Visitor: 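The following block contains the structure, expressed as structure tokens.
What you are looking at is a predicted structure, and each value in this text was computed from that prediction instead of being measured. Residue numbers count from 1 along this sequence.
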Amino acid sequence: MLVTNRFVVDTEVAPEFTERAHAALAALAARPGYRRGELMRALDDPTHWCLLTEWESVGAYRRALGGFDVKVTAVPLLAQSVDEPSAYETLASAAPEGEVVVVASDRAAGPYR
């Protein structure tokens, strides 16, 4: 399960934002079910940022949001992200030079429904 939180950050406050994002990423990384995370900035517009995290399941992500350190450090930052859907389930994947593997959605009986 992938979570993408996008932010628009004025360049004047980018150093403070980066520090807060690093702390949020560390708090999330300490939670069970966390797989990986990255803080990224758009190449074409340095005011656009993304905090991407991957989780073993929706439940692991939701439980992580309830942890004390996450509530104190990450949740206030995440609340400042662009208001849009941010949690995505994997429906198809492919390894380098591999075949596309399609999986069923957790939301429906078949894939993409």
Side-chain angles (χ1 to χ4, degrees):
M1 190 224 142
L2 196 65
V3 179
T4 60
N5 294 99
R6 294 184 321 119
F7 303 86
V8 178
V9 179
D10 289 332
T11 54
E12 305 83 51
V13 296
E16 176 191 330
F17 169 80
T18 303
E19 189 175 309
R20 292 176 59 219
H22 290 174
L25 191 56
L28 291 166
R31 302 301 300 165
Y34 174 91
R35 289 191 173 159
R36 69 182 181 96
E38 301 174 30
L39 176 63
M40 301 173 284
R41 184 173 57 192
L43 293 172
D44 297 331
D45 185 344
T47 65
H48 288 255
W49 294 74
C50 180
L51 181 64
L52 177 125
T53 56
E54 184 176 359
W55 299 86
E56 69 182 29
S57 67
V58 173
Y61 173 63
R62 290 185 177 158
R63 284 187 297 278
L65 292 177
F68 178 77
D69 287 347
V70 172
K71 283 183 181 180
V72 171
T73 308
V75 170
L77 181 81
L78 300 178
Q80 295 178 331
S81 65
V82 175
D83 186 16
E84 64 184 10
S86 61
Y88 296 86
E89 65 178 336
T90 300
L91 297 175
S93 63
E97 299 185 35
E99 294 184 27
V100 173
V101 177
V102 177
V103 296
S105 171
D106 286 337
R107 296 178 50 98
Y112 307 108
R113 294 190 179 171

Visitor: What's the shortest heavy-atom distance between Leu77 and Ala24, and which atoms?
Guide: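 Where Leu77 meets Ala24 most closely, the heavy atoms are CD2-CB, 3.8 Å.
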Visitor: Quick check: is Val13 connected to Leu39 through a chain of hydrophobic side chains (ILVMFWY, heavy atoms under 4.5 Å apart)?
Guide: yes
Visitor: Return the set of residues passing salt bridge (Lys or Arg N to Asp or Glu O under 4.0 Å) with Arg35 (not counting sequence neighbours), or none when no residue passes.
Guide: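 Here the qualifying residues are Glu54.
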Visitor: Are more than 12 heavy atoms from other residues, nucleotides or ligands located less than 6.0 Å from atom CG of Asp45?
Guide: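 Counting other residues, nucleotides and ligands, CG of Asp45 exceeds 12 neighbours.
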Visitor: Minimum heavy-atom separation for Trp49 to Ala14, with atom names?
Guide: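 Here Trp49 and Ala14 meet closest at CZ2-CB, 4.3 Å.
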Visitor: Under the salt bridge (Lys or Arg N to Asp or Glu O under 4.0 Å) rule, collect the residues that match up with Glu38, sequence neighbours excluded.
Guide: Arg36
Visitor: Which heavy-atom pair separates Glu56 from Ala60 by the least distance, and what is that distance?
Guide: CG-CB, 3.9 Å
Visitor: Could you pull out every donor-acceptor pair under 3.5 Å between side chains of residues 63-75 and any protein atom, sequence neighbours left out?
Guide:
residue, atom, partner, partner atom, Å
Arg63, NH1, Gly59, O, 3.4
Thr73, OG1, Asp69, O, 3.0

Visitor: For the residue pair Leu52 and Leu2, establish whether any side-chain heavy-atom pair is separated by less than 4.5 Å.
Guide: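 In short, these two side chains touch, coming nearer than 4.5 Å.
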Visitor: Hey, are the side chains of Asp10 and Phe17 touching, using non-hydrogen atoms and a 4.5 Å cut-off?
Guide: no
Visitor: Can you find a heavy atom in the side chain of Val3 that is under 4.5 Å from one in the side chain of Leu51?
Guide: no
Visitor: When rounded to the nearest 0.5 angstrom, what distance separates CZ in Phe7 from CE in Met40?
Guide: 11.0 Å
Visitor: If you count every heavy atom of other residues, nucleotides or ligands that lies below 6.0 Å from Arg6 atom CZ, does the total exceed 12?
Guide: no
Visitor: Which atom names give the shortest non-hydrogen contact between Ala92 and Val100, and what distance separates them?
Guide: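 Heavy atoms of Ala92 and Val100 come nearest at CB-CG1, 4.0 Å.
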Visitor: Please name the pair of heavy atoms, one in Thr53 and one in Tyr34, separated by the smallest distance, quoted to 0.1 Å.
Guide: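 That closest heavy-atom pairing would be CG2-CE1, 4.1 Å.
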Visitor: Should Val8 and His48 be marked as a side-chain contact (heavy atoms from CB on, under 4.5 Å) after you check the CA-CA gap, both sets of side-chain angles, and the distance that decides it?
Guide: CA-CA 5 Å; Val8 178; His48 288 255; 3.7 Å; yes
Visitor: Would you say that more than 12 heavy atoms from the other residues, nucleotides or ligands in this model lie under 6.0 Å from the CD of Glu19, or not?
Guide: no
